[in-house]
A.B. asks: 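After the structure tokens below, expect a handful of questions from me.
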Amino acid sequence: MAHIHDSDGSSSSSHQTPKSTAKWASSLENLLEDPEGVKRFREFLKKEFSEENVLFWLACEDFKKTQDKKQMQEKAKEIYMTFLSSKASSQVNVEGQSRLNEKILEEPHPLMFQKLQDQIFNLMKYDSYSRFLKSDLFLKHKRTEEEDEESPDAQTAAKRASRIYNT
């Protein structure tokens, strides 16, 4: 089925799908499943200096899908060095961090970061996510969406008016 793409790359043949902001507002899970949502959330977290939380969460999601043992080791090490080690550049704040050491990296398994990922998820959910939904960044996006909905073909009001009167 061919879709007609608007300039922003979204397909205009969508059959009244719920607005993305509505999806984002319904749950953090929905927000994190939408690449655009993740992008906006990251922008927001950057302002709050806690972007590492969502980056860590995304890295863990990606890690869980890794099948190859060697790749898994590399990714585990990367996650550890980036987010968990005491010298990490984007350290996340999780309980039990001090007990983590590089030993765990020798035998990586898909769910090795699950507990920490859950902690970060809850931290985002009860902290930054609720603030995100009240933020200008989110509300502006929501307004833009509502305006777009009022003008489905993005024509100017004048053009619409002339269309109505020239019937």
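Count residues from 1 along the sequence.
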A.B. asks: Rounded to the nearest 0.5 Å, what's the gap from OH on Tyr126 to CE on Met124? Could you check?
C.D. replies: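 If we round to the nearest 0.5 Å, Tyr126:OH and Met124:CE are 12.0 Å apart.
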
A.B. asks: Look up atom OG in Ser135 and atom CZ in Phe44, then write down how far apart they are to the nearest 0.5 Å.
C.D. replies: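 Going from OG on Ser135 over to CZ on Phe44, the span is 5.0 Å.
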
A.B. asks: Kindly indicate whether the side chain of Gln73, heavy atoms from C-beta on, has any atom under 4.5 Å from the side chain of Leu105.
C.D. replies: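 No - every pair of side-chain heavy atoms lies 4.5 Å or more apart.
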
A.B. asks: Could you check if a side-chain atom of Gln91 sits within less than 4.5 angstrom of a side-chain atom of Leu84, using non-hydrogen atoms only?
C.D. replies: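 They are not in contact (no side-chain heavy atoms under 4.5 Å apart), so the answer is no.
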
A.B. asks: Could you tell me if the side chain of Lys87 sits less than 4.5 Å from the side chain of Met81, heavy atoms only?
C.D. replies: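 Sidechains of Lys87 and Met81: no contact.
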
A.B. asks: Just by distance, do the side chain of Glu51 and the backbone of Glu43 share a donor-acceptor pair under 3.5 Å?
C.D. replies: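 Side chain of Glu51 to backbone of Glu43: no pair is present.
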
A.B. asks: Do Asp127 and Arg131 have side-chain heavy atoms sitting under 4.5 Å apart?
C.D. replies: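 The answer is yes, as the side chains (C-beta and beyond) meet within the 4.5 Å cut-off.
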
A.B. asks: The test is salt bridge (charged side-chain N to carboxylate O under 4.0 Å, His left out); show your working for Arg40 and Glu36 and say whether it passes.
C.D. replies: CA-CA 6 Å; Arg40 303 285 169 168; Glu36 179 64 20; 2.7 Å; yes

A.B. asks: Step by step, would you call Glu145 with Thr21 a side-chain hydrogen bond (donor to acceptor under 3.5 Å, both in side chains)?
C.D. replies: CA-CA 8 Å; Glu145 251 181 9; Thr21 48; 2.4 Å; yes

A.B. asks: Where do Ser50 and Asn53 land on the side chain to side chain contact (heavy atoms under 4.5 Å, CB included) test, with the steps shown first?
C.D. replies: CA-CA 6 Å; Ser50 60; Asn53 289 340; 3.9 Å; yes

A.B. asks: What pair of heavy atoms forms the shortest contact from Glu48 to Ser128, and how long is it?
C.D. replies: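 So the minimum-distance heavy-atom pair works out to OE1-CB, 3.8 Å.
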
A.B. asks: Considering non-hydrogen atoms only, spot the tightest contact between Leu58 and Val38 and give its length.
C.D. replies: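 Nearest pair, atom of Leu58 first, then Val38: CD1-CG1, 3.6 Å.
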
A.B. asks: What distance do Met112 atom CE and Gln117 atom CD have between them, rounded to the nearest 0.5 Å?
C.D. replies: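 Separation between the atoms: 12.5 Å.
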
A.B. asks: Contact between Val54 and Leu32 at the side-chain level, heavy atoms closer than 4.5 Å - yes or no?
C.D. replies: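 In short, these two side chains touch, coming nearer than 4.5 Å.
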
A.B. asks: Taking all non-hydrogen atoms of both residues into account, name the closest pair between Ile79 and Ala59 and its distance.
C.D. replies: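 Looking at all heavy atoms of both residues, the closest pair is CD1-O, 3.7 Å.
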
A.B. asks: Is the centre of the Phe63 ring less than 6.0 Å from the centre of the Phe113 ring?
C.D. replies: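 For Phe63 and Phe113, the ring centres are under 6.0 Å apart.
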
A.B. asks: Applying the 4.5 Å side-chain criterion to the ILVMFWY set and letting contacts propagate, would Phe83 and Leu111 be lumped into a single cluster?
C.D. replies: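 Per the 4.5 Å side-chain linkage, Phe83 and Leu111 are not co-clustered.
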
A.B. asks: I'd like to check the side chain to side chain contact (heavy atoms under 4.5 Å, CB included) partners of Lys65; sequence neighbours left out, ordered by chain and number.
C.D. replies: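 Expected list: Glu61.
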
A.B. asks: Does the side chain of Phe56 reach to within under 4.5 Å of the side chain of Thr82, using non-hydrogen atoms?
C.D. replies: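 Of all side-chain heavy-atom pairs linking Thr82 with Phe56, none is under 4.5 Å.
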
A.B. asks: Hey, does the side chain of Glu52 reach the backbone of Val92 with a donor-acceptor pair shorter than 3.5 angstrom?
C.D. replies: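 The answer is no, because no donor-acceptor pair under 3.5 Å joins these two groups.
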
A.B. asks: Taking only residues two or more places apart in sequence, or in another chain, which ones meet Glu29 in a side chain to side chain contact (heavy atoms under 4.5 Å, CB included)?
C.D. replies: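 By the side chain to side chain contact (heavy atoms under 4.5 Å, CB included) rule, Glu29 matches Ser27, Phe121, Lys125.
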
A.B. asks: Mind listing the closest non-hydrogen atom pair of Pro108 and Met72 along with its distance?
C.D. replies: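 Smallest heavy-atom distance, with atoms named: O-SD, 3.7 Å.
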
A.B. asks: Counting distance only, does the side-chain N/O of Tyr129 pair as donor-acceptor with the main-chain N or O of Leu31 below 3.5 Å?
C.D. replies: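 No; zero donor-acceptor contacts below 3.5 Å.
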
A.B. asks: Please work out which of the three classes, parallel, tilted or perpendicular, describes the rings of Trp24 and Phe138, given edges at 30° and 60°.
C.D. replies: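 Answer is tilted, since the angle falls between 30° and 60°.
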
A.B. asks: Applying salt bridge (charged side-chain N to carboxylate O under 4.0 Å, His left out) as the test, list every pair that has at least one member in residues 73-82; sequence neighbours left out.
C.D. replies: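 Those involving residues 73-82 are Asp62-Lys75, Lys70-Glu74.
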
A.B. asks: Could you check whether atom NZ of Lys115 has more than 12 heavy atoms from other residues, nucleotides or ligands sitting under 6.0 Å from it?
C.D. replies: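 No, not enclosed.
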
A.B. asks: How many angstroms lie between atom CD1 of Ile120 and atom CG of Asn93, to the nearest 0.5 angstrom?
C.D. replies: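 One finds 7.0 Å between CD1 of Ile120 and CG of Asn93.
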
A.B. asks: Output the distance between atom NZ (Lys19) and atom OG1 (Thr144), rounded to the nearest 0.5 Å.
C.D. replies: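 Separation between the atoms: 12.0 Å.
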
A.B. asks: Does a side-chain heavy-atom distance below 4.5 Å link Leu137 with His141?
C.D. replies: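 A side-chain contact is absent here, since even the closest heavy-atom pair is not under 4.5 Å.
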
A.B. asks: Does a side-chain heavy-atom distance below 4.5 Å link Lys64 with Gln114?
C.D. replies: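 Touching, per the 4.5 Å side-chain cut-off.
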
